[in-house]
Chemist: 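Dropping a structure here in C-alpha cells format, bear with me for questions.
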There are 2 protein chains.
Amino acid sequence: MTRSPDALRGSDLRRPLTLRDVSEASGVSEMTVSRVLRNRGDVSEATREKVLNAARNLGYVPNKIAGALASQRVNLVAVIIPSLSNMVYPEVMTGISAMLEDTGLQPVVGVTHYQPDREEAVLYEMLSWRPSGVILAGLEHSDAARAMLSNAGIPIVEIMDVDGQPVDSVVGISHRRAGLKMAEAILAAGYRRIGFLGTMMPYDHRARKRMEGLQEGLARAGIVLADQEFYSGGSALLKGREMTETILARSPDLDFLYYSNDMIGAGGLLYCLDKGIDVPGQLGLAGFNGVELLDGLPRQLATMDACRAEIGRIAAEIIAGKRPGMAGGRVIGGEQVELTPKLQPGDTIRRAG
Amino acid sequence: MTRSPDALRGSDLRRPLTLRDVSEASGVSEMTVSRVLRNRGDVSEATREKVLNAARNLGYVPNKIAGALASQRVNLVAVIIPSLSNMVYPEVMTGISAMLEDTGLQPVVGVTHYQPDREEAVLYEMLSWRPSGVILAGLEHSDAARAMLSNAGIPIVEIMDVDGQPVDSVVGISHRRAGLKMAEAILAAGYRRIGFLGTMMPYDHRARKRMEGLQEGLARAGIVLADQEFYSGGSALLKGREMTETILARSPDLDFLYYSNDMIGAGGLLYCLDKGIDVPGQLGLAGFNGVELLDGLPRQLATMDACRAEIGRIAAEIIAGKRPGMAGGRVIGGEQVELTPKLQPGDTIRRAG
DNA sequence: CCAGAATTTGTTAGCGGTAACATAGATGTG
DNA sequence: CACATCTATGTTACCGCTAACAAATTCTGG
C-alpha cells in the first residue's frame with residue numbers, strides 16, 4: 001500500500017520481496033509474473049525474458065506458503081520413519097527421493113524414535129502442512145493417528161511391513177514369513193539349538209514378528225527357541241559382541257544365533273571369529289536386512305534382504321499416482337504390494353545337505 | 001459462502017475442515033477457536049473446553065499454511081546436509097532435533113548428495129517456505145546460493161567446518177588443523193612413510209582440508225606424503241579393504257595409513273588383521289570422526305572426534321536465539337564457534353616415546 | 001447501583017499468491 | 001473490412017488463518 005516505487009531498487013529495507021516487486025520492476029502485472037515463474041499459460045517470449053531478468057536481479061524467491069494457500073496444492077510428501085540411525089531408513093529415503101525426483105514432489109522427513117506418541121505428534125505437525133501424501137513405516141499406530149490418516153483425504157502408504165490392516169495402501173514384506181523362512185533354512189542346515197538376539201524396544205514390531213515367525217517355523221519341527229537375549233541403546237556392533245558372549249555363556253550348547261538386525265549380527269560374527277569359534281560348523285549365524293556394511297566383513301553374514309530401496313520406490317510411485325494399472329483411478333481403497341525377501345546364505349550357515 | 005450449516009455434521013463431504021467448522025460446532029467465533037488452539041490470549045476455561053472438544057470430535061487439524069501466511073511466522077528450520085548415508089549427518093541431526101525440541105521449532109532436512117547445484121536447488125526450495133533459519137554444512141557454496149543466503153534475512157549457520165568465510169554464523173572444527181594435529185601425532189610416534197586414503201569426491205572439501213593439513217604437518221618435518229589412494233561409491237567398509245590392499249601392494253614400505261573417514265579406516269583395519277599385519281608396530285592406522293561403530297571392532301581404530309552432536313546443538317541454539325551472551329541481540333554479523341576435536345589414539349598408533 | 005478497569009469475545013482487513021474469468025490486440029477469412 | 005478466433009495480459013475474488021483493534025461482558029470499590 002505505502003510502497004513507493006523507488007523503495008524498490010536501491011534501498012535495502014529488508015522488506016521481503018513479493019511478486020509485486022517483480023511486477024513493478026518488469027512492468028507487467030503480478031499475474032503475468034506468476035505465470036512466468038511457474039511456466040504456466042501463454043506468455044510471450046519477450047515478456048518472459050523481462051520477468052525472469054527482473055526476478056533474478058532482485059533475487060526473488062517465490063513464497064510457497066502463499067502459493068500453496070491460493071492453489072490448494074502442496075508439493076510435499078510426508079515421510080515418517082522411526083529413526084535415521086538405523087541405516088535401513090536412510091536407504092528407504094533414497095528410494096523415495098529417487099522416484100520423486102522428477103514429479104515435482106518433495107519428501108519431508110519426520111522421525112518418531114520408535115515412540116507411538118511421537119509418531120502421533122509428528123503426523124499431526126506434518127498434516128498441518130497439508131502434504132500431498134503420507135508414507136509411514138509400520139502398520140501399528142495409535143487410534144488418534146489412524147483417525148487422522150483416514151480423515152486426511154490424501155493417499156497414505158504404510159511401508160516395510162504387510163502383516164496387518166493397512167489404512168490405505170501398503171508396501172512391504174511379511175516379517176513373519178521372513179522369520180519362518182529363516183527357520184526353515186536353519187533347520188534344513190541341521191541346526192537344532194537356536195537362540196534369538198534382538199532389541200528390547202517394545203515397539204519394534206517388525207523384529208517381534210520375525211521372532212514369532214521363527215518360533216512358528218521351529219514349532220512345526222517340534223522345536224522351541226532355546227534362548228534369547230535383548231538389548232537397548234548403544235553401539236549395535238558392540239552390543240552384538242556383548243550379547244553373543246552373554247548368551248553363549250548362559251547356553252553353551254546353542255548351535256545357531258538369529259539376530260534381529262545385521263549390525264548386531266556383525267558384532268556377533270566378529271566376536272566368534274575373535275574367539276576362534278568354528279562358524280558355521282559349530283555355530284551358525286544370521287542377521288536381517290542385507291546392509292551394505294556386511295560386504296566388508298571378513299566373512300559374509302547370512303541375512304535376508306528387506307528390499308528397502310524397492311519399498312521406497314514403490315511407495316513413492318503410489319503417492320505420485322504413477323503405478324501402472326491404476327490409470328488415474330485410486331478410488332476404492334489402496335494398493336497392496338508384498339515383496340519377497342531373498343535369503344542370502346553367505347558363509348555363516350552350513351550348506352544344507 | 002455456500003456452506004450450509006448442516007453440511008457440517010453428518011455428511012462426509014470430504015471437504016477439508018477449517019476453523020469455521022470448529023467455530024460453528026462450538027458456537028464461538030473463529031478467532032476464539034484460533035486462540036484456544038494456539039494457547040494464545042485469554043479464553044475462559046469453559047469456552048476452551050467446548051472448543052477443544054469440538055476440534056477433537058471433528059478431527060480438526062489446523063492449516064499451518066494459512067496460519068503462517070497470516071502471522072508471517074514459520075516454525076521451520078531448514079537443515080541442508082550432503083548425505084544421510086554418512087552417519088555423521090544423522091548424528092548432527094540428532095543434536096539439532098534434541099536442542100530444538102522445546103523451542104517450537106521444527107527441523108526440515110534437505111540432502112545435496114555433495115553436489116553444489118543440488119545444494120542450490122534445495123536451498124531455493126527451502127527458502128521458498130520461508131523458514132526461521134537455515135543450518136547448512138560447509139562453507140563452500142555457489143555464488144547464487146551465497147546470495148540467497150545473505151538476502152534471506154534470517155539467521156544462517158554454516159556447520160562442520162570453520163576454515164573459510166562464513167555468510168553469517170559458523171560452528172565447526174578446523175579440518176586443516178585436525179589434519180595437522182594428526183600429522184604431529186603420527187610423527188611423534190615415529191612413523192615416516194605415510195599414505196592417505198580418501199574419497200574421490202571433488203566436493204568433499206573437509207576431507208581435502210584434512211589432507212592438506214596433514215601434508216603441511218608432514219612438511220614441517222621435511223616429509224612428503226608417500227602415496228595416496230581414492231575411491232568413490234560402494235560400501236565404505238569394503239572399499240577400505242580394497243584400497244588398503246592396493247596401496248600396500250604399490251607402496252609396501254608405508255608405515256602409516258591415514259583414512260579420510262572411520263568407515264574405510266575400519267575396512268583397512270579388518271584387512272590388516274586378516275593378513276596378519278602387525279598393527280600398530282609395522283603399520284599404524286587412523287581414521288576420522290569417532291563413529292560409534294568403531295567400538296565393536298576387534299581393535300580400537302585411532303580417530304579424532306568431529307564433535308557432531310555438539311555442533312548440531314550449538315547451531316540449533318544460535319537459530320533459536322538461545323546463546324548466552326547474545327541477549328536477544330544478533331545485530332552485527334554472526335557468531336563464530338570453533339570446537340576442538342580430540343585425538344583418540346585407540347590401539348592402532350604406537351604409543352609415542 | 002454505577003463508573004471505570006479488567007477480562008473475554010468478536011470484527012475487520014489483510015498475508016502473498018493463484019483460479020477463473022474478462023479484456024485487449026493480433027490474426028485470419030470470406 | 002466486419003466479424004469470429006486466437007493469443008497475451010489484466011482484474012477480481014478468494015485460499016484459511018491471525019494481528020490489531022473494537023465491543024461486550026464481568027468484576028471492582030465507593
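This structure is a prediction, so every number in the text was calculated from the model and none was measured. Below, chains carry the letters A, B, ... as their sequence lines are ordered, and counting in each starts from 1.
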Chemist: Who pairs with Ser83(B) by side-chain hydrogen bond (donor to acceptor under 3.5 Å, both in side chains), at least two apart in sequence or on another chain?
Modeler: none

Chemist: Where along nucleotides 19-28 of chain D does protein come under 4.0 Å, by heavy atom, of base (B) or sugar-phosphate alone (S), with - for untouched nucleotides?
Modeler: BB--------

Chemist: Output the rounded distance in Å from CD (Glu24(B)) to P (dG10(C)).
Modeler: 13 Å

Chemist: If I take atom CG in residue Asp42(A) and atom P in nucleotide dA8(D), what distance separates them, rounded to the nearest angstrom?
Modeler: 5 Å

Chemist: List in numerical order all residues of residues 120-134 of chain A for which some heavy atom is under 4.0 Å away from an atom belonging to DNA chain C.
Modeler: none

Chemist: Respond yes when some side-chain nitrogen or oxygen of Gln72(A) is under 4.0 Å from OP1 or OP2 of dC14(D), and no when none is.
Modeler: no

Chemist: Could you tell me the separation between the CD atom of Glu30(A) and the C1' atom of dG17(C), rounded to a whole number of Å?
Modeler: 8 Å

Chemist: Would you check if Met126(B) and Val134(B) make a side-chain contact, meaning some heavy-atom pair closer than 4.5 Å?
Modeler: no

Chemist: Provide, to the nearest angstrom, the distance between the CG atom belonging to Leu69(A) and the P atom belonging to dG14(C).
Modeler: 17 Å

Chemist: Rounded to 10°, tell me the angle between the two end axes of the helix from dC1(C)-dG30(D) to dG30(C)-dC1(D), each built from five pairs.
Modeler: 40°

Chemist: What pairs with Tyr203(B) under side-chain contact (heavy atoms from CB on, under 4.5 Å), at least two apart in sequence or on another chain?
Modeler: Pro116(B), His205(B)

Chemist: Specify the separation, in whole Å, of atom CG of Leu19(A) and atom P of dT11(D).
Modeler: 15 Å

Chemist: Given atom CZ of Arg20(B) and atom P of dT11(C), what is their separation to the nearest angstrom?
Modeler: 11 Å

Chemist: Does any part of the side chain of Val111(B), heavy atoms only, come nearer than 4.5 Å to the side chain of Ser97(A), both counted from C-beta?
Modeler: no

Chemist: Taking only residues at least two apart or on different chains, which pairs with a member in residues 33-46 of chain B satisfy side-chain hydrogen bond (donor to acceptor under 3.5 Å, both in side chains)?
Modeler: Ser34(B)-Arg38(B), Asn39(B)-Arg48(B), Ser44(B)-Thr47(B)

Chemist: Using a heavy-atom cut-off of 4.0 Å across all strands, would you classify Asn63(B) as base, sugar-phosphate, or nothing?
Modeler: sugar-phosphate

Chemist: Using the test side-chain contact (heavy atoms from CB on, under 4.5 Å), find all partners of Val167(A) that sit at least two apart in sequence or belong to another chain.
Modeler: Arg146(A), Leu149(A), Ser150(A), Glu158(A)

Chemist: Rounded to whole Å, how long is the line connecting atom CD of Glu49(A) with atom P of dA8(D)?
Modeler: 15 Å

Chemist: Is there a side-chain contact between Thr47(B) and the phosphate of dT9(C), meaning an N or O under 4.0 Å from OP1 or OP2?
Modeler: yes

Chemist: According to side-chain contact (heavy atoms from CB on, under 4.5 Å), who are the partners of Glu317(A), at least two apart in sequence or on a separate chain?
Modeler: Met99(A), Arg313(A), Lys322(A), Arg323(A)

Chemist: Roughly, in whole Å, what's the span from CG in Asp21(A) to C1' in dG17(C)?
Modeler: 13 Å

Chemist: Pairs of donor and acceptor atoms involving the side chains of residues 50-61 of chain B, under 3.5 Å and at least two apart or interchain, shall be tabulated with distances.
Modeler:
from	atom 1	to	atom 2	distance (Å)
Asn53(B)	OD1	Arg56(B)	NH2	3.4
Asn53(B)	ND2	Glu49(B)	O	3.4
Asn57(B)	ND2	Asn53(B)	O	3.3

Chemist: Report the residues that fulfil side-chain hydrogen bond (donor to acceptor under 3.5 Å, both in side chains) with Glu120(A), sequence neighbours left out, ordered by chain and then residue number.
Modeler: Ser142(A)

Chemist: For Ser29(B) and dT11(C), is the shortest distance between a side-chain N/O and OP1 or OP2 below 4.0 Å?
Modeler: no

Chemist: Not counting sequence neighbours, which residues clear side-chain hydrogen bond (donor to acceptor under 3.5 Å, both in side chains) with Glu140(B)? List them please.
Modeler: Lys209(B)

Chemist: I'd like a table of donor-acceptor pairs (distance under 3.5 Å, sequence neighbours excluded) in which one partner is a side-chain atom from residues 65-76 of chain B, with atom names and distances.
Modeler:
from	atom 1	to	atom 2	distance (Å)
Ser71(B)	OG	Gly67(B)	O	2.9
Ser71(B)	OG	Arg73(B)	N	3.3
Asn75(B)	ND2	Gly104(B)	O	3.2

